[in-house]
2 protein chains.
Amino acid sequence: MTRTGSRTTGRPTLAEVARLSGVSPITVSRALRGVATVAPELVAKVKAAAAELGYVANPAARALASAQSQSVVVLIPSLSNQLFVETLDAIHDVLRPRGLDVLIGNYRYDAAIEESLIRNYLACQPRGLLLTGLERSDAARQMLDASRVPRVHMMELDSHDDAVCVGFSQQDAGYAAARHLLQRGRRRIGFIAAQLDPRVLQRAEGFRRALGEAGLHDARLELMVPQPSSIALGGELFSQLLARHGDVDGIFFCNDDLAHGAIFQAQRQGVRVPEQVAMVGFNDLPASAHMVPRLTSIRTPLAAVGQQAAQALLDLLDGKGRQKATRDLGFELMMRESS
Amino acid sequence: MTRTGSRTTGRPTLAEVARLSGVSPITVSRALRGVATVAPELVAKVKAAAAELGYVANPAARALASAQSQSVVVLIPSLSNQLFVETLDAIHDVLRPRGLDVLIGNYRYDAAIEESLIRNYLACQPRGLLLTGLERSDAARQMLDASRVPRVHMMELDSHDDAVCVGFSQQDAGYAAARHLLQRGRRRIGFIAAQLDPRVLQRAEGFRRALGEAGLHDARLELMVPQPSSIALGGELFSQLLARHGDVDGIFFCNDDLAHGAIFQAQRQGVRVPEQVAMVGFNDLPASAHMVPRLTSIRTPLAAVGQQAAQALLDLLDGKGRQKATRDLGFELMMRESS
DNA sequence: CTGAAAGCGCTTACAG
DNA sequence: CTGAAAGCGCTTACAG
């Protein structure tokens with residue numbers, strides 16, 4: 001069943017390609033890697049020989065000789081969230097064609113798990129890292145700095161230090177959501193949030209800034225719980241908020257799944273949306289455009305973040321420096337029936 | 001920025017651990033891998049030295065010397081589908097603690113992409129493969145057989161040959177869904193399906209078998225389109241089916257997202273569910289239990305498939321053979337308001 | 001522009 | 001139970 005014991009893989013090697021094409025192994029290595037210093041006719045001969053033998057370089061040997069692996073590690077806080085799936089897909093699309101393996105670490109919004117993933121993955125000498133956000137444990141930060149592995153931060157923009165970031169301003173997005181409700185004439189605006197990861201808290205800041213400017217901020221209308229975000233939780237929190245504050249006329253949800261749960265719950269309770277309560281969600285998940293009523297939401301550039309972050313990492317690897325260190329990809333308010 | 005040029009990684013090596021613990025490198029290697037033939041006191045000494053130096057084996061060197069990588073490749077047809085995300089997560093949970101890297105290939109329901117992923121990933125000499133279903137291109141099949149890399153097939157059960165499979169009977173699940181609608185007294189039962197991958201077609205077979213047995217099969221009530229499954233598509237197909245066949249009183253959807261779209265559309269059109277049309281979905285996506293009305297659905301063991309498939313692969317790698325070659329994990333009908 | 005030599009950091013295969 | 005030697009298949013660093 002499982003071959004064991006043999007030292008070789010049985011696949012053609014560089015040396016065999018060299019023999020067949022009548023050059024030295026190192027020339028084959030250079031020709032195949034596209035190193036400029038090889039004569040065009042030799043390159044052609046080598047490529048023909050490689051094709052004939054079906055040669056593919058052994059990644060382990062390459063990694064060992066060059067002290068560089070071919071893997072990039074992506075650390076995300078959740079996979080169930082659906083959010084990061086689009087991002088991951090885009091990352092794969094950019095990195096795979098460059099021959100890089102993508103290793104995914106899901107730390108489930110747990111800093112200790114993230115730290116342990118960093119520790120373990122760093123042992124594989126990844127070429128680069130794609131991290132979510134800027135906040136992590138001190139130990140994790142130290143390991144990252146010590147490793148000197150190039151990295152790009154996704155989803156947030158950098159405020160103070162010089163990290164390479166690809167994302168958008170979570171705070172501005174929260175601000176935009178609240179401004180929209182204000183412009184719709186809402187005055188008793190609530191905020192329902194779960195998970196409470198750094199990005200959710202940034203959205204909360206933006207929300208407060210907008211309401212504060214309008215002189216309408218009321219902390220009692222904020223319902224923030226640390227549990228994972230879900231449809232069920234959204235329904236529950238909606239009921240709670242309305243039971244406590246019957247005059248609430250608008251709600252910003254930190255994630256669409258909470259808003260979906262609230263829309264279902266509102267229908268069950270006979271609360272009219274948007275007439276009695278207007279709703280704005282976040283992330284514009286696929287279902288949002290189809291809900292009854294259709295959910296107004298902040299569309300976030302999830303795929304673009306993955307694509308650009310991967311590209312930014314490639315730029316770092318290619319030594320193209322970090323001219324445009326931070327890339328703000330923005331967001332878009334999708335106005336629909338719920339507000 | 002990016003270190004280039006240095007041959008070494010700068011990390012502690014086996015040789016340094018050997019020096020510190022006063023034994024030979026090979027003994028360190030054996031002690032750390034848990035090979036039985038090392039004296040307990042030496043093992044302790046070696047482990048202490050390794051811990052002191054912060055030694056972690058270089059995976060590339062290990063892979064090169066042993067002609068075996070530490071990676072397992074998982075090929076799935078979709079990432080956006082949310083279905084496979086749970087499965088992937090479970091696979092990670094089983095394989096990572098064993099020191100295996102999980103490489104994900106998303107072939108987007110495209111046999112040509114799958115073939116190319118197989119070609120490329122096989123070059124990395126993965127320890128094992130986790131594949132979705134049993135159907136693929138001839139070229140892909142040949143490469144897989146030639147590679148002799150152990151593999152496990154997920155989501156479907158094997159009918160004829162001797163593949164190791166972990167999943168459930170898609171056909172029986174389709175049969176169960178149709179039987180349920182029949183038992184609810186429905187007589188004009190439609191089938192709405194998209195994507196039309198092999199598993200969807202197996203569900204269709206089960207659906208037809210049930211209706212055929214009841215003498216109620218009417219091919220005109222089957223609406224099957226090759227486009228990707230989505231909420232929007234579900235709404236459209238539902239409208240179409242009802243426009244053509246106003247007497248339809250029950251519908252089985254090959255995937256929950258189609259049913260979600262239909263429920264939203266029914267509400268917009270004023271079609272009452274389940275009074276006028278009963279609905280049954282498939283996969284029991286998170287939203288299904290919360291829709292208005294709550295959607296009856298076939299719950300499939302997505303996480304369990306990942307967990308057990310990964311375990312089955314480990315068994316193959318450990319040479320534990322394939323005693324229980326096929327594992328049927330079953331499914332469950334979640335009865336709710338929509339039927 | 002091309003190559004001979006050495007080496008990356010492990011494990012295999014063989015002794016003892 | 002332990003080890004000296006050789007080798008895995010590449011690339012680096014140095015010549016020419």
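Below, read A as the first sequence line, B as the second, and so on, with proteins coming before strands; counting in each chain starts at 1.
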**Fill in**
Of the listed dT11(D), dG9(D), dT12(C), the closest approach to the I26(A) side chain comes from dT11(D)
**Asked** Is a salt bridge present between E156(A) and R199(A), judged by a nitrogen-to-oxygen distance below 4.0 Å?
**Response** yes
**Request:** Can you figure out which of dC8(C), dC10(D), dG3(C) approaches the side chain of S24(A) most closely?
**Result:** dG3(C)
**Fill in**
Among the nucleotides dT2(C), dG9(C), dC10(D), whichever has the atom closest to the side chain of A61(A) is dC10(D)
**Complete:** Re dT2(D): Watson-Crick or G-U wobble partner, both distances kept under 3.5 Å, found to be dA15(C)
**Fill in**
Rounded to whole Å, the CG-C1' distance (L64(A) to dA6(C)) equals 13 Å
**Asked** Tell me: CZ of R33(A) to P of dG9(D), nearest whole Å?
**Response** 18 Å
**Message:** Assess whether a salt bridge exists between R108(A) and D110(A), defined as any Lys/Arg side-chain N lying under 4.0 Å from an Asp/Glu carboxylate O.
**Reply:** no
**Asked** Which atom names give the shortest non-hydrogen contact between I76(B) and T132(B), and what distance separates them?
**Response** CA-OG1, 3.5 Å
**Message:** Regarding T27(B), tell me which of base, sugar-phosphate or nothing describes its non-hydrogen contacts under 4.0 Å with the strands shown.
**Reply:** sugar-phosphate
**For atom CG of L14(B) and atom C1' of dC10(C), their distance in whole Å** = 6 Å
**Prompt:** Out of dG3(C), dT2(C), dT2(D), which nucleotide sits closest to the side chain of V23(A)?
**Reply:** dG3(C)
**Request:** Name the closest nucleotide to the A65(A) side chain, picking from dT2(D), dG9(D), dT11(C).
**Result:** dG9(D)
**Request:** Starting from P on dG9(C), measure out to CG on L53(B) and report it in whole angstrom.
**Result:** 14 Å
**Fill in**
When rounded to whole Å, the CD to C1' distance for the pair Q70(A) and dT11(D) reads 12 Å
**Request:** Among D315(A), D318(A), D93(A), find the residue that satisfies the salt bridge (Lys or Arg N to Asp or Glu O under 4.0 Å) test when tested with R98(A).
**Result:** D318(A)
**Complete:** Result for 5'-nearest mapping on DNA chain C, choosing between V56(B) and R30(B), is V56(B)
**Message:** If you define the side chain from C-beta out and look only at heavy atoms, does anything of L95(A) sit under 4.5 Å from L314(A)?
**Reply:** yes
**Request:** Write down the distance between CG (L32(B)) and P (dC10(C)), rounded to a whole number of angstrom.
**Result:** 10 Å
**Item:** Proximal nucleotide (of dG9(C), dT11(C), dT2(D)) relative to the N58(B) side chain
**Value:** dG9(C)
**Prompt:** Taking CD from Q68(A) and P from dC10(D), how many angstroms apart are they, rounded to a whole number?
**Reply:** 17 Å
**d(CZ, R62(B); C1', dG9(D)) in whole Å** = 18 Å
**Message:** Tell me if the side-chain of R11(B) makes a donor-acceptor pair with the base of dG9(C), cut-off 3.5 Å, by modelled atom types.
**Reply:** no
